[in-house]
J.: 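So that we are looking at the same thing, I have put the structure below in structure tokens.
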2 protein chains.
Amino acid sequence: MSVTSQHKLAENRPFDREAQYNAKRRAVIRSAAAAFRRRGYHNASMTEIAKSLGLTKAALYYYVKSKEEILFEAHIMVYDKMDELVKAVRGQGDTGLEKLQLLYGEFAHMLTRDGLALLTDIDSLNGENQETVLKRRGKIERAVTRLVEKGMADDSIKKADAKVTVFFLMGALNWLNVWYEAGGRISGDDIAQQFVAQMSVGVANPT
Amino acid sequence: MSVTSQHKLAENRPFDREAQYNAKRRAVIRSAAAAFRRRGYHNASMTEIAKSLGLTKAALYYYVKSKEEILFEAHIMVYDKMDELVKAVRGQGDTGLEKLQLLYGEFAHMLTRDGLALLTDIDSLNGENQETVLKRRGKIERAVTRLVEKGMADDSIKKADAKVTVFFLMGALNWLNVWYEAGGRISGDDIAQQFVAQMSVGVANPT
DNA sequence: AATAAATTTGACTCAAGAGTCAAATTTATA
DNA sequence: TATAAATTTGACTCTTGAGTCAAATTTATT
């Protein structure tokens, strides 16, 4: 009996609780990130974020250490997802162009889904966090740049300054969050598809 | 004599003074706009903006009514310039594509020159100002959309959803301000040129 | 039901930064 | 040099919003 309860205490409950806690914490970050995207980091107050979750500001601090921590994690959440996508398409596609098409499509798709958004407010992060986020962004940009360069090497992509090309493409993605409202006239899938098409012809070598 | 001095008072001096005042006011707005772009609207304090002009915060309020007024006018300044550019290319170019190339090049060029930057913080404007800015942005987007549609009609531009195409192109421009630092590896002219090229092939009908 | 842990809250403190204003300073004019 | 207008400032006030904390409430366990 006492052994059983010990067991429960040590295995079942803690897991449950921890999972609960983590889920709620993620919910806080997601919800806040959406508010940041809609209204901007500084215009979205903690009180407001709390209210939209049916909580009080004080309760938020049970899950996070500071507002900045939320911003940081919101950034990281997106870059984690993007890293995943980079990994996911790694084996696929043949030419550089094909690989780029797959990845770009995944990116566009991600951004038109569930609240995931590239945030631009990096200046509101303190030195260390800011550096980390910039590093992560750089990592993604480099992954894309590699595909572009591979495409230039195998002649599937037109030769040009790879960096500018990548910025051009990433710019379009970032801007997506500004104008795209889920449930609008155009579906996320359509946009992703059209972005890929647009990107492709803009970049591909005429065959 | 008294007439002469009256005259001077009424004609010469005031003009000088007014011009001086206006020039300084514009300088305040430009300098602040640059700070907003670099550090974000809320991270750039009035004190900081004043200091970079060799002034005191209080002095700023001799030229502007509020921080928000600065943000508003900074936005308007850019849209005025863009309207000018739209007008400037109106007569030129033959096909829709050619017109679009000219305009897009001018836009890119403007953004890589003297501190003019598309600001994204629109949520920090109060209702009326915000509405005005959104209207101005809409006006520009519509002007670009018209060119795209003209191009689709005369077959110089590939048929697709014009709106998405325009957002794609404007996104790349907006993102420019995030990564482009004047005096970097690539000159503004080169970027403008490459953006036009990128845009063109992305959009043009294969001939 | 008693107890302990987890969660939430009301009522605070504190700092930062926008905005004000009377007084000081500078500039131009006669 | 005297004077008046334009410009700038130091020293404020006021608001907003982040963050804290002891106490209240809820949830799970025996």
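Just so we're on the same page: letters track the sequence lines, and every chain starts at 1.
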J.: What is the distance, rounded to the nearest whole Å, between atom OH of Tyr21(A) and atom P of dT27(D)?
T.: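 In whole Å, dT27(D) P lies 18 Å from Tyr21(A) OH.
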
J.: Rounded to the nearest angstrom, tell me the gap between atom NZ in Lys24(B) and atom P in dT26(C).
T.: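 Answer to the nearest Å: 13 Å.
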
J.: For His42(A) and Ser124(A), what are the C-alpha separation, side-chain angles and deciding distance, and is it a side-chain contact (heavy atoms from CB on, under 4.5 Å)?
T.: CA-CA 9 Å; His42(A) 288 281; Ser124(A) 302; 3.0 Å; yes

J.: Could you list the residues that satisfy salt bridge (Lys or Arg N to Asp or Glu O under 4.0 Å) with Asp189(A), not counting sequence neighbours?
T.: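 If we apply the salt bridge (Lys or Arg N to Asp or Glu O under 4.0 Å) test to Asp189(A), skipping adjacent residues, there are no hits.
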
J.: Quick one: salt bridge (Lys or Arg N to Asp or Glu O under 4.0 Å) partners of Asp161(B), sequence neighbours excluded?
T.: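 In terms of salt bridge (Lys or Arg N to Asp or Glu O under 4.0 Å), with neighbours along the sequence ignored, Asp161(B) is linked to Arg185(A).
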
J.: By nearest atom, which of the nucleotides dT20(C), dT7(C), dA6(D) is closest to the Tyr61(B) side chain?
T.: dT20(C)

J.: Within the structure provided, determine whether Tyr104(A) and Leu173(A) are in side-chain contact (heavy-atom separation under 4.5 Å).
T.: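 A side-chain contact exists here, since the closest heavy-atom pair is under 4.5 Å.
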
J.: Please tabulate, one pair per line, each protein N/O and nucleotide N/O from nucleotides 12-15 of chain C that are separated by under 3.5 Å, including the distance.
T.:
none

J.: Could you list the residues that satisfy salt bridge (Lys or Arg N to Asp or Glu O under 4.0 Å) with Lys163(A), not counting sequence neighbours?
T.: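 Partners of Lys163(A) by the salt bridge (Lys or Arg N to Asp or Glu O under 4.0 Å) criterion come out as none, since no residue qualifies.
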
J.: Does any part of the side chain of Val164(A), heavy atoms only, come nearer than 4.5 Å to the side chain of Phe195(B), both counted from C-beta?
T.: yes

J.: Any non-hydrogen side-chain atom of Val78(B) less than 4.5 Å from a side-chain atom of Met82(B)?
T.: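 Yes, side chains in contact.
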
J.: In residues 39-46 of chain B, which residues come under 4.0 Å of DNA chain D by heavy atom?
T.: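 Nucleic-acid contacts, sorted: none.
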
J.: Under a 3.5 Å cut-off for both distances, is dA23(D) Watson-Crick or wobble paired, and to whom?
T.: dT8(C)

J.: List in chain and number order the residues that pass ring pair (Phe, Tyr, Trp, His ring centres under 6.0 Å) with His109(A), two or more places apart in sequence or in another chain; answer none if no residue qualifies.
T.: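 Residues passing ring pair (Phe, Tyr, Trp, His ring centres under 6.0 Å) with His109(A): none at all.
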
J.: Can you give each donor-acceptor pair under 3.5 Å made by side-chain atoms of residues 22-29 of chain A, sequence neighbours left out, with the distance rounded to 0.1 Å?
T.:
residue, atom, partner, partner atom, Å
Asn22(A), ND2, Glu18(A), O, 3.2
Arg25(A), NH1, Tyr63(A), O, 2.8
Arg25(A), NH2, Glu73(A), OE1, 2.8
Arg25(A), NH2, Glu73(A), OE2, 2.4

J.: Should Thr165(A) and Lys158(A) count as side-chain neighbours, where that means a heavy-atom distance under 4.5 Å?
T.: no

J.: Could you list the protein-to-nucleotides 21-25 of chain D atom pairs, N/O on both sides, closer than 3.5 Å?
T.:
none

J.: For Tyr41(A), give me all partners under ring pair (Phe, Tyr, Trp, His ring centres under 6.0 Å), at least two apart in sequence or on another chain.
T.: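 Tyr41(A): ring pair (Phe, Tyr, Trp, His ring centres under 6.0 Å) contacts with Phe36(A).
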
J.: Applying salt bridge (charged side-chain N to carboxylate O under 4.0 Å, His left out) as the test, list every pair that has at least one member in residues 45-68 of chain A; sequence neighbours left out.
T.: Arg39(A)-Glu48(A)

J.: Starting at atom CG of Leu60(B), determine the distance to atom C1' of dT7(D), rounded to an integer number of angstrom.
T.: 13 Å

J.: Is there a side-chain contact between Asp80(A) and Arg136(A), using heavy atoms and a 4.5 Å cut-off?
T.: yes

J.: Give the residues of residues 47-56 of chain A touching DNA chain C, defined as any heavy atom closer than 4.0 Å, sorted by residue number.
T.: Leu55(A), Thr56(A)

J.: Tell me whether Arg38(B) is salt-bridged to Asp123(A), with the criterion being a basic N under 4.0 Å from an acidic carboxylate O.
T.: no

J.: Look at Lys81(B) together with Glu84(B) and state whether they make a salt bridge at an N to O cut-off of under 4.0 Å.
T.: yes

J.: Over how many whole Å does the gap from Gln20(B) atom CD to dT26(C) atom P extend?
T.: 18 Å

J.: Heavy atoms, side chains only, cut-off 4.5 Å: are Gln101(B) and Glu98(B) in contact?
T.: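 When only atoms from C-beta onward are counted, Glu98(B) and Gln101(B) do touch, with a gap below 4.5 Å.
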
J.: Between dT7(C) and Tyr62(A), is there an OP1 or OP2 to side-chain N/O distance shorter than 4.0 Å?
T.: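 Tyr62(A) to dT7(C) OP1/OP2: side-chain N or O found under 4.0 Å.
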
J.: Taking only heavy atoms on the protein side, list every residue of residues 63-76 of chain A lying under 4.0 Å from any atom of DNA chain D, sorted numerically.
T.: Ser66(A), Lys67(A)

